[in-house]
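Everything below concerns the one structure shown next.
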2 protein chains.
Amino acid sequence: MPKETDDPKQQPGAGCSIRGVLDRIGDQWSLLTLEALEDGKKRFNELMREIGDISKQMLSKTLKHLEQDGFVRRTVYPEVPPRVEYELTEQGRSFLIPMKTLIGWAEQNHAAITIARQRHEDS
Amino acid sequence: MPKETDDPKQQPGAGCSIRGVLDRIGDQWSLLTLEALEDGKKRFNELMREIGDISKQMLSKTLKHLEQDGFVRRTVYPEVPPRVEYELTEQGRSFLIPMKTLIGWAEQNHAAITIARQRHEDS
DNA sequence: CGGGATCCTCGCGGATACTG
DNA sequence: CAGTATCCGCGAGGATCCCG
């Protein structure tokens with residue numbers, strides 16, 4: 001893939017927009033971060049603790065991406081010690097709907113998947 | 001992450017099952033492959049052409065994962081030249097629903113995201 | 001406390017060649 | 001045609017230190 005501009009080989013409607021958005025929310029952390037922000041404002045270290053096994057860079061990078069894409073609003077309070085809070089924007093909250101659908105499916109089928117996965121191990 | 005068994009730090013309901021499933025469908029290719037299989041049986045090279053910029057290993061690996069997780073059924077026809085066809089299972093088709101919801105959201109909001117993304121460039 | 005800069009590792013994933 | 005095996009570059013991402 002020499003260029004990152006739109007690939008004319010791709011269908012303009014379907015595949016194109018999917019990739020752009022899913023590449024972002026597809027990574028391990030974005031969904032978990034959005035989910036952690038679901039129930040209100042959170043501070044940086046608060047998010048780290050909630051997500052658990054995420055490093056600072058990854059959380060920082062993920063939040064920056066989410067902010068850049070309009071999912072998250074970042075508010076800095078000019079205090080000392082500094083305090084920064086993150087919260088979902090309207091767009092971010094609207095995304096929770098398809099996301100919840102996905103998570104719901106995952107929870108319902110995750111057992112079946114685990115079984116299918118193990119069945120393949122004995123082969 | 002020394003062990004891959006369930007992490008007791010995680011909530012058993014929410015975060016846990018999300019990760020297991022999303023790790024699989026989260027990668028670049030699984031979703032595109034499932035989408036390519038949406039309208040019926042496909043052969044290997046047919047899938048490669050349809051997806052476009054996927055290599056043989058990645059398609060092979062992705063299909064193997066999807067088969068292992070019960071999303072895809074693989075059928076080998078004992079002919080010469082060999083023919084192999086892939087198709088969605090029931091579970092695979094059921095997954096199309098949340099997936100479509102997600103894609104639909106992506107298509108609707110992808111323009112807004114692009115704008116938000118560019119707005120951040122001038123900063 | 002909230003991150004940025006740096007270093008370094010590890011495995012994703014492309015290219016190619018080979019097999020059945 | 002439908003993969004598997006091998007080599008290898010490169011970038012994601014963890015650890016650590018530092019700064020405002």
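- In this structure, of D:dC1, C:dG2, D:dG3, it is D:dG3 that holds the atom nearest to the side chain of B:Phe44.
- A:Tyr77 comes within 4.0 angstrom of nothing in the nucleic acid, heavy atoms only.
- For B:Ser55, the side-chain atoms get nearest to C:dG14 when compared with the rest of D:dT4, C:dC1, C:dG14.
- Atom CG of B:Asp53 and atom C1' of C:dG13 are 12 Å apart (whole Å).
- Using a cut-off of 4.0 Å between Lys/Arg side-chain N and Asp/Glu carboxylate O, B:Glu67 and B:Arg73 are scored as not salt-bridged.
- Taking atom CD of A:Glu67 as the reference point, atom P of C:dG3 lies 9 Å away to the nearest angstrom.
- Comparing D:dG20, D:dC1, D:dG3 by their nearest atom to the side chain of B:Arg43 picks out D:dC1.
- For A:Arg74, a side-chain nitrogen or oxygen approaches OP1 or OP2 of C:dG3 to under 4.0 Å.
- For B:Leu66 and D:dG3, the CG to P distance is 13 Å, given to the nearest whole Å.
- Rounded to an integer number of Å, the gap from CD1 of B:Ile54 to C1' of D:dG3 is 14 Å.
- Checking D:dC17, C:dG20, C:dG13 against the side-chain heavy atoms of B:Trp29 singles out C:dG13 as nearest.
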Between A:Lys100 and A:Glu38, is a salt bridge (charged side-chain N to carboxylate O under 4.0 Å, His left out) present by the stated rule, with each step listed? CA-CA 11 Å; A:Lys100 283 292 180 183; A:Glu38 187 185 355; 3.1 Å; yes

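- Distance from the side chain of B:Met58 is smallest to C:dG14 among D:dC1, C:dC1, C:dG14.
- Taking atom NZ on A:Lys41 and atom C1' on C:dG2, their separation rounds to 17 Å, with Å as the unit.
- Remark: B:Arg43 does not engage B:Glu85 in a salt bridge, criterion side-chain N to carboxylate O under 4.0 Å.
- Using cut-offs of 30° and 60° on the angle between ring planes, the pair B:Phe95 and A:Trp105 is perpendicular.
- Atom pair A:Met48:CE and D:dA15:P shows a separation of 9 Å (rounding to whole Å applied).
- Here the nucleotide nearest the side chain of A:Gln57, chosen from C:dG3, D:dG3, C:dT6, is C:dT6.
- Mapped onto DNA chain C by nearest heavy atom, A:Pro81 and A:Lys64 fall at different nucleotides, with A:Pro81 at the one closer to the 5' end.
- In this structure, of C:dC1, C:dG3, D:dC1, it is C:dC1 that holds the atom nearest to the side chain of A:Asn45.
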Evaluate the criterion salt bridge (charged side-chain N to carboxylate O under 4.0 Å, His left out) for residue pair B:Asp69 and B:Lys64; output intermediate values, then yes/no. CA-CA 9 Å; B:Asp69 286 12; B:Lys64 202 168 288 182; over 6 Å; no

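- Counting to the nearest Å, the P atom of C:dG3 and the CD atom of A:Glu46 are 13 Å from each other.
- Taking only side-chain nitrogens and oxygens, B:Ser60 comes nearer than 4.0 Å to OP1 or OP2 of D:dT4.
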